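Reviewing the structure listed below.
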2 protein chains.
Amino acid sequence: MNHSVSHTKINTLSNVHSIDRNDFIIRNCEKLFNIGDRLSGIYRINSGSVKLYRSNEAGQEQILGFYTAGDIFGLDALSDGKSQSSATILETSNISLIPFNTLLKRENSGDYKIFMQQVGINHNRDIDHTMMLLHCSAGRRLAWFFIKFSDNLSKRGYRADEFTLPMTRKDIALYLGVAAETLSRVFARFCAKGFIRIIGHQRSIKILEIDVLRNMINRDD
Amino acid sequence: MNHSVSHTKINTLSNVHSIDRNDFIIRNCEKLFNIGDRLSGIYRINSGSVKLYRSNEAGQEQILGFYTAGDIFGLDALSDGKSQSSATILETSNISLIPFNTLLKRENSGDYKIFMQQVGINHNRDIDHTMMLLHCSAGRRLAWFFIKFSDNLSKRGYRADEFTLPMTRKDIALYLGVAAETLSRVFARFCAKGFIRIIGHQRSIKILEIDVLRNMINRDD
DNA sequence: CGCAAAATTGAGAGTACTCAAGCTTTGTGG
DNA sequence: CCACAAAGCTTGAGTACTCTCAATTTTGCG
């Protein structure tokens, strides 16, 4: 395996898939792989979160997606084995590597089907992301971001109205395609209007008016 | 099959894949499927071109991608069988439908591998699209569009410096996430600067300064 | 030839960007 | 435990780009 980081290999029984895989834990802020790295498989997150991004020649990141428990990533490498993006861990995470040849083996059609579904889910999420970038104001983008984050928590059985973001403001800005300053201003506006409240410190958010945010995604404010 | 259009089924020998499929020809501007349609498989373009899009509640289209010969589309439906987007033919096209259960059958691992690669290629292309939308000016977006279009022609053995676009200006604008008027102005600017020339009528383009356009994608003009 | 759709052009308004400075939080070491 | 440095975040001012609305021209098709 050619990861840029050291990782602790652990022996754990697969709780979701029965297919072969390697599990490991990665600490905060470590890099999982870089653009151009040859990946030996698809990654699956069991816990924690990851950001996927590219850097342009100016050295600035452009964030393509945030991934959390249950998500797979590394599809970039399906076409020719080499990743078109970099992956960095946002918080201590447990991640599995599912080797390509396991995917290509066909003993296990149930897993295969699940994998294909997950590919479809990823694809749809990317489309959602693109749609936001196509025509929406900074306010609608942030509203969309909160709703998606909240819905994702809710789907996994966590509190949907109060949470801690695993990423920085800058990361969110790069993901939503706005300047960090603009994002900061929208945060301030949302607080002033009482849509959200920032608890304690910057990354802890309480959503006060989730319906307002949900409507904002489609209709202009 | 639940297409919104009538299509002529033809008996043709598959020239690329050996897996089961249904081939048909669709005329200009016909709709292949709508958001919410249950798709029975993945589509593959043998000739012609297709646009994939969603409509928002205001009735405006947001174009997610243009597809040409060799491309597959319809991955939207992998997650739950229902498409998250609509597909419309831009010019008379020959298209194959590869049923899901053919994909799930495993007699033919060669085809399967090709399919997975194609999934990866689509994914990378979507990422490219997203990257452009994240941080680039209208000028850079159009330069990128021309380069991608030209490179695609060149890869398939066609002339790369002179071509006819199968889509309208409005379609390009919706794909690049700019207003149609803005796009028109950028077109005019590119012509004035001698980067491109519009031959005969609007959709026939000759690229005069492909290197300038190529550089423009990364560096600001 | 005439109509409808597509494309262009102009003017004005608004949103987001950039640059710059100041403030807050986090982490490290004494 | 405190102090300092670095990173993260916020706020302000001015600019630039793109959008919207509206009118006109061009193209495509019956």
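So that the names make sense, note that chain A is the first sequence line, chain B the second, and so on, each numbered from 1. Only a predicted model underlies this, so the values are computations on that prediction, with no experimental measurement involved.
- Within the 3.5 Å criterion, the main-chain N or O of P166(A) finds a donor-acceptor partner in the side chain of R203(A).
- Judged by the 6.0 Å and 45° rule, K51(A) forms a cation-pi pair with Y53(A).
- Relative to the side chain of S184(A), the nucleotides dC9(D), dC17(C), dC19(D) differ in distance, and dC9(D) lies closest.
- One can place CZ of R203(B) at 9 Å from P of dC29(D), the figure rounded to the nearest angstrom.
- Protein atom CE of M132(B) is 12 Å distant from nucleotide atom P of dT18(D), rounded to whole Å.
- In the interface, the side chain of R140(B) is not paired with the base of dT18(D) through any donor and acceptor atom under 3.5 Å apart.
- Toward the 5' end of DNA chain D, the nearer of the two residues L134(A) and M167(A), judged by each one's closest nucleotide, is M167(A).
- R214(B) and D151(B) are joined by a salt bridge, as a carboxylate oxygen and a charged side-chain nitrogen come within less than 4.0 angstrom of each other.
- Picking from dA16(C), dC9(D), dC19(D) the nucleotide with the shortest atom distance to the side chain of A138(A) gives dA16(C).
- Put simply, CZ on R185(A) is 13 Å from P on dT15(C), counting in whole angstrom units.
- The NZ atom of K170(A) sits 11 Å away from the C1' atom of dG8(D) (whole-angstrom rounding).
- Heavy atoms only, all atoms of each residue included: R189(A) and G139(A) are closest at NH2-CA, 3.7 Å.
- Straight-line distance from the CZ atom of R189(B) to the C1' atom of dT18(D): 11 Å, rounded to whole Å.
- The residue A180(A) sits apart from the nucleic acid: no heavy atom pair falls under 4.0 Å.
- Taking atom CZ of R141(A) as the reference point, atom C1' of dA16(C) lies 10 Å away to the nearest angstrom.
- dG28(D) atom P lies 11 Å from atom CZ of R169(B), rounded to whole Å.
- For the pair S137(B) and dC17(D), the criterion of a side-chain N or O lying under 4.0 Å from OP1 or OP2 is not met.
- Side-chain to base pairing of E181(A) with dC9(D): no donor and acceptor N or O lie closer than 3.5 Å to each other.
- Between the CG atom of D171(A) and the C1' atom of dC9(D) there is a distance of 13 Å, rounded to whole Å.
- Remark: D128(B) engages K148(B) in a salt bridge, criterion side-chain N to carboxylate O under 4.0 Å.
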